[in-house]
Amino acid sequence: MLGTAVCGVLITGCSSGGEVGGDAKPQVKPAAEAKPLAVGALRPLLLTQTDLGSGYTQVQEKSEDQKFDDFSVQDCPALVKLAQRGEENMFAAKAEASFTYDRDATLGEEVHSDRPSVLSSKLRELFMAYTSCPTYTMTAGTTPIEMKVSKSVTPELGDERFAYTLTMELPSGAQVLKTIAVRKGNVAVMLVGAPALVDRHIRTAVGKLPEGS
């Protein structure tokens with residue numbers, strides 16, 4: 001998936017002292033964070049062809065090496081740094097699915113799980129990196145592709161949400177992809193694809209996430 005998403009800290013507790021000459025208030029014990037879900041618990045949360053409706057075909061996922069071994073980024077230090085860090089940006093567990101629609105439109109989904117503070121922090125880091133450069137160049141093989149990025153409005157869903165739109169100037173013409181991520185407790189769903197498809201299915205995708213996670 002072409003987009004995927006820091007600077008957030010979840011404060012789980014604090015303490016405060018009493019006035020001079022008064023009794024100190026008891027310390028507030030930090031609330032225990034929810035643990036990450038296992039991959040097996042994430043797979044049923046993915047969208048299916050039944051969820052999407054007619055016209056969608058699920059496609060086989062490529063390995064991470066196959067997805068990114070032929071791509072490099074120039075002119076955007078935050079994205080270059082992100083790529084160099086590699087495994088540090090991975091969440092505790094991930095499940096994914098990809099679909100095509102009407103032959104040439106695509107919709108990709110990733111469902112991630114981690115402790116809420118980690119999930120929040122890394123999603124912020126990813127989306128801040130992807131929106132840090134309004135324009136940059138990505139090279140696919142030997143072909144340079146001009147990329148234009150703009151922040152997008154996010155629906156009022158979950159505990160946190162992030163979105164941006166990417167326009168790629170390909171030799172065959174411009175292609176627009178939208179990315180939306182919504183975190184709900186210790187699980188986050190991310191959709192990437194044709195803007196109309198992402199907007200159409202994000203509520204269904206978030207609706208499949210567990211309550212109180």
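This one's a predicted model, so the numbers in the text were calculated from it and none came from an experiment.
Between R161 and E156 a salt bridge is recorded (basic side-chain N to carboxylate O distance below 4.0 Å). We find that K122 and D114 are not joined by a salt bridge, their nearest charged nitrogen and carboxylate oxygen being 4.0 Å or further apart.
Counting only heavy atoms from C-beta outward, the side chains of V149 and Y136 approach each other to under 4.5 Å. Side-chain contact between R43 and V39: present, with at least one pair of heavy atoms (C-beta onward) separated by less than 4.5 Å. You'll find the side chain of L177 reaches within 4.5 Å of the side chain of M168, heavy atoms only.
Taking CG from L107 and OG1 from T100, the interatomic distance works out to 10.0 Å, rounded to the nearest 0.5 Å.
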Pairs of donor and acceptor atoms involving the side chains of residues 46-57, under 3.5 Å and at least two apart or interchain, shall be tabulated with distances.
{"unit_1": "T48", "atom_1": "OG1", "unit_2": "T50", "atom_2": "N", "d": "3.3"}
{"unit_1": "T48", "atom_1": "OG1", "unit_2": "D51", "atom_2": "N", "d": "3.2"}
{"unit_1": "T48", "atom_1": "OG1", "unit_2": "D51", "atom_2": "OD2", "d": "3.1"}
{"unit_1": "Q49", "atom_1": "NE2", "unit_2": "Y56", "atom_2": "O", "d": "2.9"}
{"unit_1": "D51", "atom_1": "OD2", "unit_2": "T48", "atom_2": "N", "d": "2.9"}
{"unit_1": "D51", "atom_1": "OD2", "unit_2": "K208", "atom_2": "NZ", "d": "2.7"}
{"unit_1": "Y56", "atom_1": "OH", "unit_2": "R200", "atom_2": "NH1", "d": "3.3"}
{"unit_1": "Y56", "atom_1": "OH", "unit_2": "H201", "atom_2": "NE2", "d": "2.7"}

Practice item. Using the side chain to side chain contact (heavy atoms under 4.5 Å, CB included) rule, take T135 and D75 through it: C-alpha gap first, then chi angles, then the decisive distance, then the call. Key: CA-CA 8 Å; T135 61; D75 308 321; over 6 Å; no
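At distances below 3.5 Å, not a single donor-acceptor pair connects side-chain atoms of S113 with backbone N or O atoms of P36. Side chain of S152 to backbone of T165: a donor-acceptor contact under 3.5 angstrom is found. A donor-acceptor contact shorter than 3.5 Å is absent between the side chain of S121 and the backbone of S117. Listed for the D159 side chain is a donor-acceptor partner under 3.5 Å among the backbone atoms of G185.
For residues 141-150, every residue pair satisfying the side chain to side chain donor-acceptor pair (under 3.5 Å) rule, not counting sequence neighbours, is listed here: T137-E146.
For the residue pair E109 and S98, no side-chain donor N or O sits within less than 3.5 Å of a side-chain acceptor on the partner.
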